[in-house]
Colleague: 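Handing you this structure, nothing more for now.
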Amino acid sequence: MKFSSFFIPTLKNIPAEAEIISHQLMIRAGMIKQASAGIYSWLPLGLKVLKKIEHIVRDEQNKAGAIEVLMPTIQSADLWIKSGRYEDYGKEMLRIQDRSGREMLYGPTNEELITDIFQSYITSYKDLPKNLYHIQWKFRDEVRPRFGVMRGREFLMKDNYSFDLTEEDSKISYNKMFTAYIKTFLRMGLTPISLRAETGSIGGNLSHEFQILAKTGESTLYYDKDLEKIDPETINPDKLQSYYAAVDGLHDEKNCPISKEQLKISKGIEVGHIFYFGTKYSEKLSAFVQNNKGKKTAVHMGSYGIGISRLVGAIIEAFHDDKGIKWPISVAPFHVSLINLMIDDKACAKMSNIMYEKISNSKLDVLYDDRDCSIGKKLSDNDLIGIPYQVIIGKRDLKDNIVQLKNRLNNETKKISPEEALNFLLEQTLTDF
RNA sequence: CGGGAAGUAGCGCAGCCUGGUAGCGCACAUCGCUGGGGGUGAUGGGGUCGGAGGUUCGAAUCCUCUCUUCCCGACCA
């Protein structure tokens with residue numbers, strides 16, 4: 001993609017409406033535009049990142065045996081009246097009427113709908129377990145939306161729902177998701193910390209929230225430092241759940257079961273939450289199956305959420321410096337930024353075009369900065385948008401057959417030949433496209 | 001929902017107190033000089049000052065109402 005023909009409206013000024021760094025950077029990097037309070041349009045660069053995150057989440061869900069469906073954003077109030085949540089949800093639920101005066105709502109979550117789908121078709125224990133997920137926009141009319149996409153009113157969420165015959169089976173499904181969540185966040189370059197959580201209004205008795213470490217995070221986490229050392233190949237959910245981990249209000253210094261040396265305190269951002277809630281919804285919404293004795297029994301359910309749009313902001317909170325964003329390669333909008341410092345110089349243009357073609361023909365996604373603007377603007381824009389590798393082609397170095405290869409994650413720059421730069425890039429292991 | 005603040009050019013802001021033909025920086029356009037970290041000179045375009053009503057000869061400025069946005073708190077799968 002050529003920068004000049006793409007659409008990345010970068011800004012030099014920090015918009016007054018943005019308070020936290022990820023929100024500022026997302027606006028300055030031309031990723032989003034606010035449409036109204038807590039509601040955003042996703043511009044091309046932001047959309048690319050959103051899709052990357054969505055892809056990783058989807059891939060790990062599929063690998064864990066979950067099956068994708070797609071439920072509507074607009075739901076009828078009927079099922080919610082049945083489950084009793086039409087009243088409970090209060091003003092956070094955006095309620096609307098269709099033309100014939102029927103009560104509708106913009107879905108804040110999907111337990112009701114999915115349970116209805118389940119009970120319409122599944123009647124035998126032989127069809128269990130089932131785990132259905134979808135990735136869909138939700139709307140919660142927050143009293144006070146803030147922090148950009150981290151706490152918007154409209155947000156993209158992956159939510160899934162497991163259905164099992166027994167509590168024990170449900171725990172297996174729960175642990176599968178627990179493992180999938182850890183893998184998902186590790187793949188995004190994040191450090192996930194799992195914490196036992198309060199179940200709140202959703203009900204049930206087992207719940208974990210997943211926070212990712214970021215210096216600017218909202219919550220303070222107290223946890224066993226071994227939780228940071230997770231090998232994605234050998235994740236053991238029971239073991240991970242046995243480690244000590246607590247958020248701010250729940251940590252009690254006096255009764256903390258682990259030593260001071262072992263305890264670590266860091267800031268985190270919540271990006272996922274999983275629940276086991278038994279038969280709460282299945283009973284109300286008639287999700288029964290027959291067991292092997294022919295007896296009707298309510299299925300045991302769990303629900304599992306990942307805030308996909310929130311992750312875009314959360315990842316920036318975890319990966320940025322004073323110049324801009326530093327994308328982990330698995331979620332980066334492009335893998336390589338090819339920067340031609342001197343578009344009027346024939347040698348620079350020629351070398352840039354050759355490299356652009358070669359990188360384009362590989363698995364790498366390249367953004368070619370061919371804009372006619374000052375060098376300073378080019379370099380600072382590219383640091384701002386944070387593509388992991390920059391190849392900088394300038395007149396001075398090119399005379400000696402040298403280009404600069406910059407790693408945006410650590411800002412190290414190597415002066416090497418174009419061939420070496422190309423070989424280095426093509427050898428990168430990229431698990432996610 | 002309680003408390004606070006702000007709406008003036010695409011973005012960031014001044015002007016308002018003390019009413020008199022709307023300004024700065026960035027961005028944008030044209031031309032020139034530059035050319036390895038937001039370079040520079042000249043010229044130029046762009047705003048019914050969030051909206052409605054009122055006071056006044058005259059309102060961005062004073063008064064009333066209203067809409068929107070943000071911050072602190074409470075709230076929060």
Side-chain angles (χ1 to χ4, degrees), chain A residues 9-20 23-24 27-28 30 33-39 85 88-93 107-111 138 140-148 150-153 155 157-161 177 181 195 197-204 206-211 218-219 247 249 269-277 280-281 301-308 310 322-324 339-345 348 369 371-384 390 392-400 402-404 406 411 413 415:
Chain A
T10 60
L11 291 179
K12 197 170 170 180
N13 289 337
I14 301 170
E17 69 195 25
E19 185 74 5
I20 60 164
H23 191 192
Q24 293 175 359
I27 295 172
R28 287 187 51 216
K33 170 167 169 48
Q34 180 162 330
S36 59
I39 302 176
R85 289 209 294 180
D88 295 353
Y89 229 95
K91 284 191 162 178
E92 272 211 359
M93 181 184 274
T109 177
N110 289 68
E111 277 86 3
K138 309 287 193 291
R140 290 181 197 165
D141 202 355
E142 299 269 356
V143 193
R144 193 184 153 202
R146 61 186 122 169
F147 305 143
M150 299 252 287
R151 182 131 179 239
R153 291 194 290 174
F155 57 96
M157 180 167 160
K158 185 284 302 174
D159 45 322
N160 58 316
Y161 306 87
M177 277 301 122
Y181 272 40
L195 307 99
E198 300 296 309
T199 49
S201 67
I202 197 114
L206 179 59
S207 170
H208 283 88
E209 61 179 60
F210 293 81
Q211 302 245 2
E218 256 198 300
S219 342
V247 281
I269 299 166
E270 188 188 345
V271 291
H273 210 141
I274 64 178
F275 298 88
Y276 162 71
F277 48 73
K280 180 177 172 182
Y281 295 97
M301 292 177 60
S303 76
Y304 315 86
I306 292 181
I308 292 179
R310 169 179 283 193
D322 56 350
K323 288 180 177 159
I339 306 167
N340 182 355
L341 292 183
M342 200 80 64
I343 58 162
D344 292 331
D345 183 79
C348 286
D369 193 345
R371 292 174 301 165
D372 182 10
C373 65
S374 79
I375 287 157
K377 179 170 170 55
K378 247 176 217 198
L379 294 174
S380 49
D381 267 359
N382 276 282
D383 284 346
L384 174 65
Q390 298 177 3
I392 303 168
I393 297 177
K395 192 174 166 183
R396 212 163 62 193
D397 284 334
L398 198 58
K399 267 190 290 195
D400 305 322
I402 293 285
V403 299
Q404 281 183 55
K406 176 170 168 177
N411 287 322
T413 304
K415 293 200 170 195

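Only heavy atoms go into these numbers, but all of them, side chains included; no hydrogens, no water, no symmetry mates. Letters go in sequence order (proteins before strands), and every chain restarts at 1.
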Colleague: How long is the line joining CG of D372(A) and C1' of U34(B), in whole Å?
Modeller: 12 Å

Colleague: Could you say whether E218(A) or K323(A) is positioned toward the 5' end of RNA chain B, judged by the nucleotide with the nearest heavy atom to each?
Modeller: K323(A)

Colleague: C76(B) C1' sits how many Å from F147(A) CZ, rounded?
Modeller: 12 Å

Colleague: Give the rounded distance in Å between these two atoms: CG of D141(A) and C1' of C75(B).
Modeller: 13 Å

Colleague: Out of G39(B), C26(B), G37(B), which has the shortest distance to the side chain of S374(A)?
Modeller: G39(B)

Colleague: Sort out the partner of C28(B) for me: Watson-Crick or G-U wobble, both distances under 3.5 Å, none otherwise.
Modeller: G44(B)

Colleague: Which part of the nucleic acid, if any, lies within contact of G305(A), taking any heavy atom under 4.0 Å across all strands shown: a base, the sugar-phosphate backbone alone, or nothing?
Modeller: nothing

Colleague: Taking any strand in view, what nucleotide pairs with C1(B) in a Watson-Crick or G-U wobble way, both distances under 3.5 Å?
Modeller: G73(B)

Colleague: Which base sits across from C33(B) as a Watson-Crick or G-U pair, both distances under 3.5 Å?
Modeller: G39(B)

Colleague: By nearest atom, which of the nucleotides C70(B), G12(B), A74(B) is closest to the A37(A) side chain?
Modeller: C70(B)

Colleague: Between atom CD of E209(A) and atom CD of E270(A), what is the distance when rounded to the nearest 0.5 Å?
Modeller: 4.5 Å

Colleague: Considering only the P atoms, how many Å lie between C24(B) and A6(B), rounded to the nearest integer?
Modeller: 24 Å

Colleague: In whole Å, what separates the C1' atom of G53(B) from that of A59(B)?
Modeller: 13 Å

Colleague: Tell which nucleotide pairs with C16(B), taking only Watson-Crick or G-U wobble pairs whose two distances are both under 3.5 angstrom.
Modeller: none

Colleague: Which comes earlier along RNA chain B counting from the 5' end, the contact point of R140(A) or that of A16(A), where each point is its nearest nucleotide?
Modeller: A16(A)

Colleague: Taking atom C1' in both A22(B) and G46(B), what distance in whole Å separates the two?
Modeller: 13 Å

Colleague: OH of Y89(A) versus P of C76(B): gap in Å, rounded?
Modeller: 11 Å

Colleague: Students often get this wrong, so: under 4.0 angstrom with heavy atoms, is K395(A) touching a base, only sugar-phosphate, or nothing?
Modeller: base

Colleague: Just the rounded figure in Å: distance from P of G37(B) to CG of L384(A).
Modeller: 18 Å

Colleague: For the pair Y304(A) and Y181(A), name the ring-plane relationship: parallel under 30°, tilted 30 to 60°, perpendicular over 60°.
Modeller: perpendicular

Colleague: Indicate whether any N or O donor in one side chain lies under 3.5 Å from an N or O acceptor in the other, for Q390(A) and D383(A).
Modeller: yes

Colleague: Side chain of V143(A) only, heavy atoms from C-beta on: which candidate in C76(B), C1(B), G38(B) is closest?
Modeller: C1(B)

Colleague: Sticking with atom P, work out how far G3(B) lies from U66(B), rounded to a whole angstrom.
Modeller: 15 Å

Colleague: Is the shortest side-chain heavy-atom distance between D397(A) and I392(A) below 4.5 Å?
Modeller: no

Colleague: Check this for me, if you would: do R371(A) and D381(A) make a salt bridge, where the nitrogen-to-carboxylate-oxygen distance has to be below 4.0 angstrom?
Modeller: yes

Colleague: Using the P atom in both, what is the distance from C17(B) to G37(B), to the nearest Å?
Modeller: 47 Å

Colleague: Under 4.0 Å, heavy atoms only, any strand: does Q34(A) hit a base, just the sugar-phosphate, or nothing?
Modeller: sugar-phosphate

Colleague: Using a 4.0 Å heavy-atom cut-off, does I274(A) contact any base of the nucleic acid, only the sugar-phosphate backbone, or nothing at all?
Modeller: nothing

Colleague: Between A74(B), G25(B), G35(B), which nucleotide gets closest to the side-chain atoms of D344(A)?
Modeller: G35(B)

Colleague: Just how far, in rounded Å, is C1' of U40(B) from NZ of K377(A)?
Modeller: 17 Å

Colleague: Examine C75(B): is either OP1 or OP2 under 4.0 Å from a nitrogen or oxygen in the side chain of R144(A)? Give yes or no.
Modeller: no

Colleague: Counting side-chain heavy atoms from C-beta on, which of G38(B), U69(B), G12(B) comes nearest to S380(A)?
Modeller: G38(B)

Colleague: Look at the aromatic rings of H273(A) and F275(A) and report parallel, tilted or perpendicular, splitting at 30° and 60°.
Modeller: parallel

Colleague: Which part of the nucleic acid does E142(A) contact within heavy-atom distance under 4.0 Å: base, sugar-phosphate only, or nothing?
Modeller: nothing

Colleague: Return no unless some side-chain N or O of K12(A) is found under 4.0 Å from OP1 or OP2 of G12(B).
Modeller: no

Colleague: Is there a donor N/O on one and an acceptor N/O on the other, under 3.5 Å, for the side chain of R146(A) and the base of G73(B)?
Modeller: no

Colleague: Using purine N1 to pyrimidine N3 plus N6-O4 or O6-N4 for Watson-Crick, or N1-O2 and O6-N3 for G-U wobble, each under 3.5 Å, what pairs with U64(B)?
Modeller: A52(B)

Colleague: Calculate, to the nearest 0.5 Å, the distance between atoms CG and CG belonging to D372(A) and D344(A) respectively.
Modeller: 6.0 Å

Colleague: Decide yes or no for I402(A) and R396(A): does some side-chain heavy atom of the first lie under 4.5 Å from some side-chain heavy atom of the second?
Modeller: no

Colleague: When you compare A60(B) with G19(B), how far apart are their P atoms, in angstrom units rounded to a whole number?
Modeller: 13 Å

Colleague: To the nearest 0.5 angstrom, please state how far the NE2 atom of H23(A) sits from the CD atom of E17(A).
Modeller: 5.0 Å

Colleague: Pick base, sugar-phosphate or nothing for R28(A), based on heavy-atom distances below 4.0 Å to the nucleic acid.
Modeller: base

Colleague: Can you tell me how far P in C70(B) sits from the matching atom in G12(B), rounded to whole Å?
Modeller: 13 Å

Colleague: Measure the distance from CD1 on I27(A) to C1' on C11(B) and round it to the nearest whole Å.
Modeller: 11 Å

Colleague: Distance between the P atoms of U40(B) and G35(B), in whole angstroms?
Modeller: 14 Å

Colleague: Counting any heavy atom closer than 4.0 Å, what does K406(A) reach on the DNA or RNA strands: base, sugar-phosphate only, or nothing?
Modeller: base

Colleague: Take the protein atom CD1 of I269(A) and the nucleotide atom P of C76(B), then report the distance between them rounded to whole Å.
Modeller: 20 Å

Colleague: Using a cut-off of 4.0 Å on non-hydrogen atoms, how would the nucleic acid contact of D381(A) be classed: base, sugar-phosphate, or nothing?
Modeller: base

Colleague: Answer with base, sugar-phosphate or nothing: what part of the nucleic acid does D345(A) contact at a heavy-atom distance below 4.0 Å?
Modeller: nothing

Colleague: For the base of G37(B), is there a side-chain donor-acceptor partner from D383(A) under 3.5 Å away?
Modeller: yes

Colleague: Side chain of I375(A), heavy atoms from C-beta onward: which of A74(B), G35(B), G38(B) has the nearest atom to it?
Modeller: G35(B)

